[in-house]
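Here's the structure we're looking at; comments come further down.
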Amino acid sequence: MALTTIDWPTELPVVRHGEHWIARAGAREVRLSNLPKVYWPQEGFTKGDLLTYYFNVSETMLPHLECRPLTMKRMPNGVGGSFFYEKNAPKHTPDWMLTLPVPSDSDTKIINYLTVRDALEMLWVANLGAIEFHPLHARGSDQTHPSYAFFDLDPAEGAGFEEARYVASLVKVLLDRLGLQAYPKTSGATGIQIMLPLDGTHTYDEVRGVVGVISELVHEADSTTTTLEWEVSKRTGKVFLDVNMNREGANIAAAYSVRPEPNATVSTPFEWAELGTIENHSIQSIFGRIAKVGDPFLPVAEGPGQSLLPAIDALGAKPRKARMVRR
DNA sequence: GCAGACA
DNA sequence: TGTCTGCAACGCATC
DNA sequence: GATGCG
Ligand SMILES: [Mn+2]
Ligand SMILES: [Mn+2]
């Protein structure tokens, strides 16, 4: 049985060692398991394909993961099996992996998140069956000031990607009017996210205020195609503007994260000019795109970050406090 | 996916 | 030795 | 407090 089923830019640099495969970098050694195991039965893609994808995409993806506490969506038995999210680093984490302690539950607990710094560390994480990489919205242990604001466009049942494209165009019109730079990506599943790099001076309450007011304006402009309803059954046929994901401890699949979807799709950053034609790329197709257009999302990682103050003034956007949580 | 408990 | 079991999130909205 | 949501 083959370890991988796809022609990759670079094959995984591993040496077979009995039941396992060893990848090395300096003094560090990672033992990889079950590489021929089929993770996408319909396509025949293996765990080896998943790991080889992350190895090849590491150079492009790492700027978006740098210093960010990581939540893993793990599916050790492939996309047909059960999943779980994992935030705390497992007990068996090697000492050379970097972890970041982050206060949670209104500061009463500490979560020791994993962080990845290079391709080998990404391989160690992916080997856990981590199909999705979900970085937090801020870098480091202080998670009070996100490095971006974002619009999470979720087509509900009865709506699809075409509607998400259209709603993204409505958001873009308002952002242009406010003078805000924003960068879109497909989620890799059904929706689109639009990210606004920030200068690190804004709290989540302020960010929710701005994203909330703009979302309400979009909803007023087209209440047939968009919804802000919390109840799923009231969203049918519309695109849900998920303002609340701008929140401490929340996360979304990173740019270039794999998704447990048919064809092994990946979250695909794109240029606004491509809004009408972009589709989710896959672990197979994304490398041709990267070779051609590079990474349209680089400014989300490298800045420049923006201040929201002009938009807050223009919109009269008040901070949206989270309700006080039980201790 | 994996470590540890158990037969 | 092989097989089995336990374990692996969170913050916020709404009622 | 319990449940829903992503
Ligand atoms: Mn989404
Ligand atoms: Mn969402």
Side-chain angles (χ1 to χ4, degrees), chain A residues 18-21 30-39 46-48 50-51 69-79 81-94 97 99 102-114 123-138 143-144 146 150-157 187-193 203-205 207-209 211-212 215 227-236 239-253 257 259-260 267 319-327:
Chain A
E19 291 292 292
H20 298 93
W21 289 261
V30 172
R31 192 189 69 173
L32 306 174
S33 59
N34 300 315
L35 297 188
K37 183 172 179 174
V38 174
Y39 265 26
T46 62
K47 186 184 178 192
L50 178 74
L51 270 58
L70 201 62
T71 298
M72 300 172 282
K73 185 176 185 179
R74 294 180 56 184
M75 304 183 82
N77 293 307
V79 301
S82 55
F83 71 88
F84 57 93
Y85 290 95
E86 186 167 19
K87 296 199 171 191
N88 274 298
K91 291 198 194 322
H92 53 88
T93 303
M97 286 292 295
T99 60
V102 176
S104 77
D105 203 49
S106 304
D107 298 350
T108 60
K109 293 187 205 165
I110 300 285
I111 299 175
N112 278 301
Y113 283 93
L114 290 166
L123 283 182
W124 185 83
V125 170
N127 182 60
L128 298 171
I131 291 185
E132 293 185 359
F133 284 54
H134 290 233
L136 294 184
H137 305 319
Q143 286 290 315
T144 55
F150 74 106
F151 292 83
D152 182 23
L153 278 45
D154 292 337
E157 195 176 328
S187 73
T190 63
I192 289 174
Q193 288 120 16
T203 63
Y204 279 101
D205 289 351
V207 168
R208 270 198 303 276
V211 174
S215 297
T227 178
L228 297 167
E229 287 288 351
W230 184 246
E231 208 175 308
V232 167
S233 65
K234 292 181 180 168
R235 300 178 188 165
T236 307
V239 174
F240 175 53
L241 291 155
D242 194 356
V243 177
N244 196 236
M245 292 304 284
N246 290 276
R247 170 226 311 171
E248 195 168 334
N251 52 72
I252 54 168
S257 175
R259 308 303 301 272
S267 178
R320 297 197 178 183
K321 288 246 176 275
R323 187 171 62 91
M324 197 56 69
V325 181
R326 174 184 56 84
R327 302 237 164 190

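- OP1 or OP2 of C:dA8 has not a single side-chain nitrogen or oxygen of A:K73 nearer than 4.0 Å.
- Phosphate proximity of B:dC2 to A:N127: present, with a side-chain N or O under 4.0 Å from OP1 or OP2.
- In this model, no donor atom of one side chain and acceptor atom of the other lie less than 3.5 Å apart for A:T227 and A:E229.
- When the side-chain nitrogen and oxygen atoms of A:K47 are compared with OP1 and OP2 of B:dG1, one or more of them lie within a distance under 4.0 Å.
- Looking only at side-chain heavy atoms (C-beta outward), A:T46 and A:K37 stay at 4.5 Å or farther from each other.
- Under the 4.0 Å criterion applied to side-chain N and carboxylate O atoms, A:R320 and A:D205 are not assigned as salt-bridge partners.
- Contact annotation: A:R208 does not reach the phosphate of C:dG11 (side-chain N/O to OP1 or OP2, under 4.0 Å).
- Comparing D:dG6, B:dA3, C:dA9 against the side chain of A:F240 picks out D:dG6 as the nearest.
- Residue contacts shown for A:Y39 are limited to sugar-phosphate atoms, with no base heavy atom under 4.0 Å away.
- In this entry the distance linking NZ of A:K109 with C1' of C:dA9 reads 9 Å, nearest Å.
- Atom CG in A:L128 sits about 9 Å away from atom P in B:dG1, given to the nearest Å.
- Residue A:D152 contributes atom CG, which lies 12 Å from atom C1' of D:dC5 at whole-angstrom precision.
- Residue A:R235 is in sugar-phosphate contact alone, with no base atom involved, counting any heavy-atom pair closer than 4.0 Å across all strands shown.
- One atom, NZ of A:K87, and another, P of C:dA8, lie 14 Å apart when rounded to the nearest Å.
- The separation between A:Y204 atom OH and C:dC10 atom C1' is 13 Å, rounded to whole Å.
- Atom name C1', nucleotides B:dG1 and C:dG11: the rounded distance is 27 Å, in whole Å.
- Residue A:S33 places at least one side-chain N or O closer than 4.0 Å to OP1 or OP2 of B:dC2.
- If you check C:dC12, B:dA3, B:dG1 against the side chain of A:N244, the one that comes closest is C:dC12.
- If you measure from atom CG of A:L35 to atom P of B:dG1, you get 10 Å, rounded to the nearest angstrom.
- Residue A:H92 has its side chain nearest to B:dA3 when only B:dA3, C:dC10, B:dG1 are considered.
- If you check the side chains of A:K47 and A:S33, you find a donor sitting under 3.5 Å from an acceptor.
- The NZ atom of A:K73 sits 10.0 Å away from the OG atom of A:S257 when rounded to the nearest 0.5 Å.
- Comparing A:P76 and A:R247, the nucleotide of DNA chain C nearest to each residue sits closer to the 5' end for A:P76.
- A gap of 15 Å separates the C1' atoms of B:dG4 and C:dA8, to the nearest Å.
- No side-chain donor-acceptor contact under 3.5 Å links A:N246 to the backbone of A:Y204.
- A close approach under 4.0 Å does not occur between any side-chain nitrogen or oxygen of A:N251 and OP1 or OP2 of C:dC10.
- Distance, A:W230 CH2 to C:dC15 P: 11 Å, rounded to whole Å.
- Here the side chain of A:F84 is nearest to one of C:dA13, B:dC2, C:dA8, namely C:dA8.
- As rounded to whole Å, 12 Å separates atom P of B:dG1 from atom CH2 of A:W21.
- Distances shown here put every side-chain N or O of A:Y85 at or beyond 4.0 Å from the OP1 or OP2 atom of C:dC7.
- Nearest nucleotide to the A:I111 side chain, out of B:dA3, C:dC10, D:dG6: C:dC10.
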